[in-house]
Amino acid sequence: MDPEIQELKAKLEENRAEYKKAAEKLGDYNGKLKNIKRLLDKKGELSLSGDEISIWNKRIKKIEKDIVTSQKKLDNLRNKIYITKIEIRILKH
């Protein structure tokens, strides 16, 4: 059983590293979204044209989709981590 536990521990660390990267990516997306929204709040001061505003709105929609995708990936990884921890506990007993 020990090789199985070691394999699961390696899998757990791999999933944790992937989770950390995905969480950082989600943070980047949220930062970008916040900056774009802040920019659009100042559109009157910046004299943005309708086309420019449309482009920024399309970017917002893409980033929002990326955020949803990232959140789903984080949820999936969180579940994998949880299940792997349980499998390790079961094999230890």
Side-chain angles (χ1 to χ4, degrees):
M1 271 199 269
D2 194 53
E4 283 183 70
I5 292 173
Q6 294 303 320
E7 186 178 321
L8 286 171
K9 284 183 178 181
K11 181 180 169 184
L12 180 62
E13 289 307 311
E14 195 176 295
N15 285 332
R16 284 179 173 160
E18 191 175 346
Y19 182 90
K20 183 179 176 184
K21 286 180 188 177
E24 289 172 0
K25 197 172 189 179
L26 179 60
D28 290 343
Y29 287 141
N30 283 323
K32 286 178 185 179
L33 183 62
K34 186 177 178 180
N35 288 335
I36 292 172
K37 286 184 175 182
R38 208 178 297 141
L39 172 78
L40 289 178
D41 286 343
K42 297 179 182 179
K43 65 185 171 194
E45 298 170 24
L46 299 173
S47 301
L48 295 174
S49 71
D51 288 340
E52 291 170 323
I53 292 172
S54 175
I55 290 170
W56 285 112
N57 283 329
K58 286 179 185 176
R59 288 183 184 172
I60 287 174
K61 286 182 184 191
K62 178 168 181 348
I63 291 171
E64 287 173 340
K65 285 180 185 177
D66 291 340
I67 287 172
V68 169
T69 301
S70 290
Q71 288 172 333
K72 286 179 183 178
K73 183 175 184 175
L74 284 174
D75 289 342
N76 186 29
L77 286 168
R78 192 178 300 116
N79 289 336
K80 283 182 181 181
I81 290 168
Y82 178 74
I83 290 169
T84 304
K85 285 180 180 180
I86 290 174
E87 288 174 339
I88 291 170
R89 282 190 213 132
I90 289 170
L91 289 175
K92 283 185 176 180
H93 288 97

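Along the sequence shown, residues carry numbers from 1.
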When you measure from the side chain of S54 to the backbone of G50, do you find a donor-acceptor pair of N or O atoms at a distance under 3.5 Å?
no
With side chains defined as the heavy atoms from C-beta onward, is the minimum distance between I86 and I90 less than 4.5 Å?
yes
For the atom pair CD (E18) and CD1 (I81), what is the distance rounded to the nearest 0.5 Å?
9.0 Å
Does any N or O in the side chain of N57 come within less than 3.5 Å of the main-chain N or O of I53, such that one atom is a donor and the other an acceptor?
yes
For Q71, I'd like to know if atom CD has over 12 heavy atoms of other residues, nucleotides or ligands within 6.0 Å.
yes
Output for pair (N35 CG, R59 CZ), nearest 0.5 Å, gives 12.5 Å
Under a 4.0 Å threshold between the charged nitrogen and the carboxylate oxygen, would D28 count as salt-bridged to K32?
no
I'd like to know whether D66 forms a salt bridge (charged side-chain N to carboxylate O under 4.0 Å, His left out) with K62, so could you lay out the CA-CA distance, the side-chain angles of the two residues, the decisive distance to 0.1 Å, and finally the verdict.
CA-CA 6 Å; D66 291 340; K62 178 168 181 348; 3.1 Å; yes
Do the side chains of R16 and E13 get nearer than 4.5 Å, heavy atoms only?
yes
Within this structure, what is the CZ-CG distance for the pair R78 and N76, rounded to the nearest 0.5 Å?
10.5 Å
Atom pair NE2/CD1 of H93 and I88 - distance to nearest 0.5 Å:
12.5 Å
Residues A23 and L74: closest non-hydrogen pair is N-CD2, 3.6 Å
K73 and L77, any side-chain heavy atoms less than 4.5 Å apart
yes
Validation row: E4, E87 side chains within 4.5 angstrom (heavy atoms)
no
Quick one: are Y29 and K25 in side-chain contact, heavy atoms under 4.5 Å?
yes
Is it the case that the side chain of E52 and the backbone of S49 share a donor-acceptor pair, with hydrogens and angles ignored and the cut-off at 3.5 Å?
yes
Are E14 and K11 within salt-bridge range, i.e. N to O under 4.0 Å?
no
Got a second to check how far L48's CG is from L39's CG, nearest 0.5 Å?
6.0 Å
Any chance you could measure L26, atom CG, to E24, atom CD, to the nearest 0.5 Å?
11.0 Å
Applying the 4.5 Å side-chain criterion to the ILVMFWY set and letting contacts propagate, would I55 and L33 be lumped into a single cluster?
no
